[in-house]
Amino acid sequence: MDKYSPQEIEKKWQEKWESDDAYKTEIDESRQKYYVLEMFPYPSGNLHMGHVRNYSIGDVVARYRMMAGYNVLHPMGFDAFGMPAENAAIEHGVKPSDWTFSNIKNMIRQQKAMGLAYDWNREVETCRADYYRWTQWLFELFYKRGLAYKKEASVNWCDKCGTVLANEQVIEGKCWRCDSEVHKKNLAQWFFKITDYADELLADLNKLEGWPNRVRIMQENWIGRSEGLEFELDVPELNEKLAVYTTRPDTAFGITFMALAPEHPLVEKICKVSPKAAEIKAFCERVHGQSEIERTSSESEKEGIFTGYYCINPFNGHKAQIWVTNYVLADYGTGAIMGVPSGDQRDWMFATKYGIEIILTLQPKGQQLKLEDMKAAYVEKDGELVNSGKFTGMEMHKAIKAIIDEAESQGFGRRKVNYRLRDWLISRQRYWGAPIPIIYCDKCGEQLVPEEDLPVLLPEDVEFKQGTLSPLSTSKSFNECKCPKCGSHAHRETDTMDTFICSSWYYLRYADPHNDKLPFDRDKVNYWNPVDQYIGGIEHAILHLLYSRFFTKVLRDAKMLDYDEPFTNLLTQGMVIKDGKKMSKSLGNVVSPEEIIDKYGADTARLFILFASPVDRDLDWSDEGVQGSFRFLNRVWRILDIFGEAIKNGSINYDINTLNDEEKILHRILHKTIKKVTEDLRDRFAFNTAISTLMELVNAMHVFQNKPINPNLARESADALLKMLAPFVPHIAEELWSHFFEGSVHKQNWVKFDESAIVEDEIEIVLQINGKVRDRIKVAADLDKSAMEKTVLDLPRTKELTEDKTIVKVIAVPKKLVNIVVK
RNA sequence: GCGGACGUGGCGGAAUUGGCAGACGCGCUGGACUUAGGAUCCAGUGACUUCGGUUGUAAGGGUUCAAAUCCCUUCGUCCGCACCA
């Protein structure tokens with residue numbers, strides 16, 4: 001046998017698998033389906049190590065499940081719309097489509113060089129008209145169901161990207177893509193009504209037992225459900241009512257002021273009549289001038305201006321000053337809050353700064369708080385009410401209910417559920433996205449593009465300049481059109497859709513990628529979906545994963561599919577880091593997958609990445625570690641070369657009793673390995689320990705490198721070893737398999753272990769005295785507790801160690817140890 | 001501030017149900033083979049040690065016959081949210 005040469009064999013088998021269409025998938029009702037999916041990439045042009053890790057994990061899962069008898073769907077595609085393609089157009093004059101397609105071509109080449117078992121017949125590219133046609137169709141579905149609407153709102157604007165962003169896409173006041181600062185702008189924009197599904201998105205998190213808890217908690221916090229009371233206060237001087245929302249109705253008797261967001265409508269009304277109008281306006285403008293971070297950081301100084309007007313607390317008739325402040329959010333609740341300095345730390349700071357009255361309404365049971373001694377608000381959710389009329393003395397939680405009931409029976413308030421989650425802003429002022437299929441007619445207003453006219457194609461006569469308008473508005477051929485209803489002159493919506501919409505349904509398209517009548521066939525989707533195992537980075541914990549869940553629920557309600565959640569199990573892989581830092585060009589610590597594959601082969605790259613760390617933890621890149629993986633594959637190659645003649649002469653069905661003692665040990669290790677590797681793959685995604693067990697097996701086989709081995713055992717070992725290696729290192733496994741066996745190793749059934757082969761007659765147990773290991777002895781494996789005790793107590797070593805002591809207690813744990821407690 | 005995760009040799013990590021801490025790999029040390037070795041093979045490798053042992057899983061305390069694992073306190077690292085009333 002020649003020496004191991006990955007460059008030769010990997011190319012050879014990749015070509016063979018491709019020409020055989022070896023991983024083509026079709027519906028087969030007789031077999032259990034298994035859908036494994038890695039998050040599809042943005043076509044930046046080159047794979048990075050994070051991709052390699054992601055796909056290596058997915059490929060192991062896919063190949064293992066195939067061998068375990070499942071009908072496996074394992075597709076790949078590209079999230080191909082997005083800003084970088086457009087930047088290439090701006091900077092280098094390349095067409096976004098050309099840039100994107102040539103990047104895709106290169107990435108597919110790299111993916112194929114990894115030896116991944118994808119069904120390429122199902123590939124999707126979201127930027128192609130045969131895909132975005134259906135993205136537009138789904139927009140129309142949402143529209144028809146009342147879930148897509150346009151409204152003027154204060155939205156997040158990123159100057160650098162020249163577009164608006166959804167809330168989820170603003171990270172600490174900065175753009176998720178380019179990290180530049182985001183500020184607010186009033187614009188008419190399209191939204192998806194994700195808030196209609198807030199309750200279900202929250203409740204169904206409980207169904208996602210196969211998701212990391214971390215991700216569920218992040219989504220729970222993002223949705224941010226709260227229960228409370230909404231009620232109105234009269235503003236007699238203006239003949240107006242002011243509504244507020246609170247989760248702490250128990251403190252309502254302590255209201256001493258009202259805090260309004262500068263954007264609150266009442267502020268405008270006050271400015272029309274107030275002598276202080278100029279001052280108030282100036283304050284509002286100053287707050288508007290603050291950045292998103294300054295305005296929303298809890299660190300920021302709380303500021304405000306008294307309007308000179310008052311409202312009346314309906315619970316006790318107390319007058320409360322109306323203030324405009326910088327710390328109330330305009331778009332949460334009613335944009336106004338009740339100020340209770342004694343029960344809320346922010347209100348406390350505000351009131352003490354401006355000398356506003358403080359009334360105590362809650363104190364710990366059996367304790368008397370004194371305002372003059374207090375240096376902060378009493379914010380514990382525990383205690384008894386004071387100064388609260390007929391509710392005085394009531395326990396806090398009871399009081400919350402009673403006070404809400406009071407407001408409801410008096411008719412000035414009601415129970416209310418609020419969410420932190422906002423509607424999803426989906427329009428983008430960019431070119432390289434799916435056009436929003438809407439036509440504006442002067443007579444008929446906003447109209448959907450008729451279904452039969454879809455797709456609304458992206459035009460090519462556009463200028464790529466960044467401003468507040470989409471480049472699409474520079475295309476005359478695109479912009480001008482006829483109204484679908486009355487036929488008169490009209491114009492198109494020139495914004496495109498957030499690319500997160502494209503990625504919210506791609507996993508459904510894989511089930512039926514060539515359908516030209518519908519986005520997908522209901523039966524096909526119901527066969528393959530939901531995704532059994534989804535694999536990707538934690539960075540999508542909210543964004544993509546929340547949006548996809550929302551899409552799934554809407555499509556279910558539209559009777560297009562039959563289940564509630566898109567991804568049954570989720571695996572969030574860790575990052576690939578080097579020298580303690582994330583790989584990045586600016587740090588100059590990037591390792592190129594292509595170089596590694598050229599030098600060592602894809603099998604080595606895959607093996608290292610899977611072995612070096614548990615899948616969900618960060619992985620420290622190590623060049624020495626890669627060499628170690630390469631060394632291991634050479635070791636596998638060499639031992640099977642040494643065993644070559646024996647393997648060819650052996651037979652897998654044989655009598656174990658013909659093995660000598662050394663061979664029996666290998667036989668037992670072999671079956672223990674099968675058990676361990678099977679469990680690690682099937683139940684735990686513990687690829688690192690599965691590989692370490694395989695290394696131990698190969699080490700055990702090396703015992704026979706210089707002495708004869710029973711041919712039957714050699715054949716059995718080779719058969720099992722190659723089958724177990726196949727999911728991890730598909731090329732070398734296939735190559736070695738072809739030397740000794742028939743067909744493709746990847747089409748074989750997964751190995752089974754023989755329970756009886758694992759059983760040992762004699763095992764080593766530990767003798768402990770007071771919990772400390774004092775000796776190790778061999779005993780029969782099936783020895784019961786009392787026999788173990790007796791055996792151990794009779795040992796000379798035990799007698800020696802317990803001679804002048806009293807034995808208090810003896811604990812025997814079968815197959816493990818005997819612990820003797822002495823005094 | 002709130003929420004979550006984590007802390008084990010020189011390094012990556014293992015210990016799945018409370019039961020022999022450090023599997024496997026990297027690195028290192030020694031040896032074999034060799035003209036040569038950055039190939040391969042073999043052996044060793046937590047620390048301390050008077051070679052009997054002692055000690056050891058961030059620190060301290062607790063539960064237990066027995067704790068890396070369970071409980072409490074403290075420290076540290078990382079992640080998420082960050083005025084959501």
Side-chain angles (χ1 to χ4, degrees), chain A residues 3 171-173 212-222 224-226 228 244-248 251 259 293 295-300 302 325-329 331-340 343-347 349-350 379 418-422 538-539 541-542 607-608 611-614 616-629 631-632 634-635 638 676 679-680 683-684 686 688-699 702 705-706 764-776 808-822:
Chain A
K3 81 179 216 304
I171 314 291
E172 287 178 19
N213 215 16
R214 180 152 80 117
V215 176
R216 296 197 294 186
I217 289 167
M218 281 165 76
Q219 291 213 356
E220 189 180 322
N221 291 341
W222 188 260
R225 184 182 198 272
S226 75
V244 293
Y245 171 75
T246 179
T247 55
R248 296 295 305 275
T251 65
I293 303 174
R295 260 203 79 173
T296 57
S297 165
S298 51
E299 312 286 300
S300 300
K302 281 147 194 54
T325 71
N326 67 343
Y327 75 96
V328 176
L329 299 175
D331 56 353
Y332 181 79
T334 63
I337 61 163
M338 60 182 209
V340 183
D344 183 292
Q345 187 53 26
R346 293 156 298 182
D347 296 345
M349 291 195 290
F350 191 79
V379 296
N418 254 320
Y419 299 93
R420 213 184 82 108
L421 181 73
R422 309 294 147 82
I538 186 79
E539 65 273 17
I542 307 225
L607 187 71
F608 167 70
F611 174 63
S613 176
D616 55 353
R617 239 190 277 177
D618 284 352
L619 182 153
D620 218 346
W621 185 267
S622 148
D623 293 328
E624 293 79 16
V626 177
Q627 282 179 38
S629 293
R631 207 146 45 210
F632 170 69
N634 277 288
R635 235 167 116 71
R638 219 173 306 120
K676 168 87 172 139
E679 288 168 356
D680 279 354
D683 309 330
R684 301 208 307 150
N688 57 331
T689 52
I691 292 166
S692 75
T693 310
L694 288 167
M695 287 173 168
E696 287 179 84
L697 172 60
V698 171
N699 290 346
H702 267 81
Q705 63 185 315
N706 293 318
E764 196 181 72
I765 62 158
V766 167
L767 160 63
Q768 291 185 345
I769 309 283
N770 287 346
K772 286 186 179 157
V773 180
R774 283 297 119 115
D775 205 359
R776 293 155 205 278
V808 181
K809 199 173 176 183
V810 180
I811 297 111
V813 182
K815 294 187 171 133
K816 303 266 185 197
L817 52 78
V818 176
N819 188 12
I820 301 169
V821 186
V822 298

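Proteins get letters first, then strands, A, B, ... in listed order; numbering begins at 1 in each.
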Would you check if A/Ile820 and A/Arg774 make a side-chain contact, meaning some heavy-atom pair closer than 4.5 Å?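 The answer is no; the side chains never approach within 4.5 Å.
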
Partners passing side chain to side chain contact (heavy atoms under 4.5 Å, CB included) against [X] (at least two apart in sequence or in another chain):
{"X": "A/Gln627", "value": "A/Tyr600"}
{"X": "A/Asn221", "value": "A/Ile217"}
{"X": "A/Asn770", "value": "A/Val821, A/Val822"}
{"X": "A/Asp618", "value": "A/Met575, A/Ile577"}

Name the pairs: protein N/O against N/O of nucleotides 42-47 of chain B, kept only if under 3.5 Å.
none

Starting at [atom1] of [X] and ending at [atom2] of [N], how long is that distance when rounded to a whole Å?
{"X": "A/Tyr419", "N": "B/rA85", "atom1": "OH", "atom2": "C1'", "answer": "17 Å"}
{"X": "A/Ile542", "N": "B/rG4", "atom1": "CD1", "atom2": "C1'", "answer": "13 Å"}
{"X": "A/Asn418", "N": "B/rA85", "atom1": "CG", "atom2": "C1'", "answer": "10 Å"}
{"X": "A/Phe350", "N": "B/rA85", "atom1": "CZ", "atom2": "C1'", "answer": "14 Å"}
{"X": "A/Arg225", "N": "B/rA85", "atom1": "CZ", "atom2": "C1'", "answer": "17 Å"}
{"X": "A/Met349", "N": "B/rG1", "atom1": "CE", "atom2": "C1'", "answer": "10 Å"}

Earlier contact from the 5' end, RNA chain B, for A/Glu696 and A/Asp620: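 So the residue in question is A/Asp620.
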
Atom pairs under 3.5 Å: protein N/O with N/O of nucleotides 14-17 of chain B:
from, atom 1, to, atom 2, distance (Å)
B/rA14, OP1, A/Asn688, ND2, 3.1
B/rA14, OP2, A/Arg617, NH2, 2.9
B/rA15, OP1, A/Arg684, NH2, 3.2
B/rU16, O4, A/Lys676, NZ, 2.1

For the residue pair A/Tyr245 and A/Tyr332, does the interplanar ring angle fall in the parallel (under 30°), tilted (30 to 60°) or perpendicular (over 60°) class?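 Rings of A/Tyr245 and A/Tyr332: perpendicular, as their planes differ by over 60°.
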
Whether the A/Arg216 and A/Asn213 side chains hold a donor-acceptor pair (N or O, under 3.5 Å, no angle test) is what I'd like checked.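 Yes.
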
Integer angstrom distance from the [atom1] of [N] to that of [M]:
{"N": "B/rU49", "M": "B/rG76", "atom1": "C1'", "answer": "32 Å"}
{"N": "B/rA68", "M": "B/rU16", "atom1": "P", "answer": "12 Å"}
{"N": "B/rC28", "M": "B/rU34", "atom1": "C1'", "answer": "23 Å"}
{"N": "B/rC42", "M": "B/rG19", "atom1": "C1'", "answer": "34 Å"}
{"N": "B/rG3", "M": "B/rA82", "atom1": "P", "answer": "16 Å"}
{"N": "B/rU45", "M": "B/rA59", "atom1": "P", "answer": "24 Å"}
{"N": "B/rG7", "M": "B/rG12", "atom1": "C1'", "answer": "15 Å"}
{"N": "B/rU69", "M": "B/rU17", "atom1": "C1'", "answer": "11 Å"}

For a quick test of reading the model, state the closest non-hydrogen atom pair linking [X] to [Y] and the distance between them.
{"X": "A/Asn418", "Y": "A/Gly333", "result": "ND2-CA, 3.8 Å"}
{"X": "A/Ile542", "Y": "A/Gln219", "result": "O-NE2, 4.1 Å"}
{"X": "A/Ile337", "Y": "A/Tyr327", "result": "CD1-CE1, 4.0 Å"}

Partners meeting side-chain hydrogen bond (donor to acceptor under 3.5 Å, both in side chains) with A/Asp616 (sequence neighbours left out):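 None.
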
With sequence neighbours excluded, residues passing side-chain hydrogen bond (donor to acceptor under 3.5 Å, both in side chains) with A/Lys302: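 Testing A/Lys302 for side-chain hydrogen bond (donor to acceptor under 3.5 Å, both in side chains), a comparison that skips the adjacent residues, returns none.
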
Name the nucleic acid region contacted by [X], choosing base, sugar-phosphate or nothing; use a 4.0 angstrom heavy-atom cut-off, strictly under.
{"X": "A/Asn634", "answer": "nothing"}
{"X": "A/Val810", "answer": "nothing"}
{"X": "A/Gly224", "answer": "nothing"}
{"X": "A/Ser300", "answer": "base"}
{"X": "A/Ile217", "answer": "sugar-phosphate"}
{"X": "A/Arg214", "answer": "sugar-phosphate"}

If we ignore hydrogens and angles and just use 3.5 Å, is the side chain of A/Asn819 paired with the main-chain N or O of A/Gly771 as donor and acceptor?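 Checked: pair present.
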
Both atom distances under 3.5 Å, Watson-Crick or G-U wobble: I'd like the secondary structure of RNA chain B as a dot-bracket string, with | for pairs made across strands. (((((((..(((......[....)))((((((.......))))))(((....)))..(((((..]....))))))))))))....

Could you tell me whether the phosphate oxygens of B/rA85, OP1 or OP2, come under 4.0 Å of any side-chain nitrogen or oxygen in A/Tyr327?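 Negative; the distance criterion is not met.
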
Can a side chain N or O of A/Ser226 be found less than 4.0 Å away from OP1 or OP2 on B/rA85?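 Answer is yes, contact under 4.0 Å.
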
Run the side-chain contact (heavy atoms from CB on, under 4.5 Å) check on A/Asn326 and A/Phe350 step by step: do they pass? CA-CA 11 Å; A/Asn326 67 343; A/Phe350 191 79; 5.6 Å; no

Please list, for nucleotides 35-39 of chain B, all pairs of protein and nucleotide N/O atoms separated by less than 3.5 Å.
none

Counting only heavy atoms not in A/Glu172, do more than 12 sit closer than 6.0 Å to its CD atom?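 Counting neighbours around CD of A/Glu172, 12 or fewer heavy atoms of other residues, nucleotides or ligands fall under 6.0 Å, so no.
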
Could you state the interatomic distance from NZ (A/Lys3) to CG (A/Asn634), rounded to the nearest 0.5 Å?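 Here the rounded value is 8.5 Å.
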
Polar pairs (N or O, both sides) under 3.5 Å between protein and nucleotides 65-69 of chain B?
from, atom 1, to, atom 2, distance (Å)
B/rC65, OP1, A/Lys809, NZ, 3.4
B/rC65, O2', A/Asn819, ND2, 3.2
B/rC65, O2, A/Asn819, ND2, 2.8

I'd like to know whether A/Arg295 forms a side-chain contact (heavy atoms from CB on, under 4.5 Å) with A/Leu329, so could you lay out the CA-CA distance, the side-chain angles of the two residues, the decisive distance to 0.1 Å, and finally the verdict. CA-CA 9 Å; A/Arg295 260 203 79 173; A/Leu329 299 175; 5.9 Å; no

Are any of the side-chain nitrogens in A/Arg248 or A/Asp344 under 4.0 Å away from the carboxylate oxygens of its partner?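 No, this pair does not count.
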
Mind telling me if B/rG52 is syn or anti? Syn here is a glycosidic angle within 90° of 0.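 Judged by the O4'-C1' to base torsion, B/rG52 sits in syn, the angle falling within 90° of 0.
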
Base of B/rG9 relative to its sugar, syn (within 90° of 0) or anti?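 Base orientation relative to the sugar is syn.
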
Given side-chain contact (heavy atoms from CB on, under 4.5 Å), test A/Arg684 with A/Thr689 step by step and report yes or no. CA-CA 10 Å; A/Arg684 301 208 307 150; A/Thr689 52; 3.5 Å; yes

Which atom pairs link the protein and nucleotides 48-58 of chain B when you take only N or O atoms and keep those under 3.5 Å?
from, atom 1, to, atom 2, distance (Å)
B/rU54, OP2, A/Arg774, NH2, 3.2

Mind running side-chain contact (heavy atoms from CB on, under 4.5 Å) on A/Val340 and A/Thr246 for me, showing each step along the way? CA-CA 11 Å; A/Val340 183; A/Thr246 179; over 6 Å; no

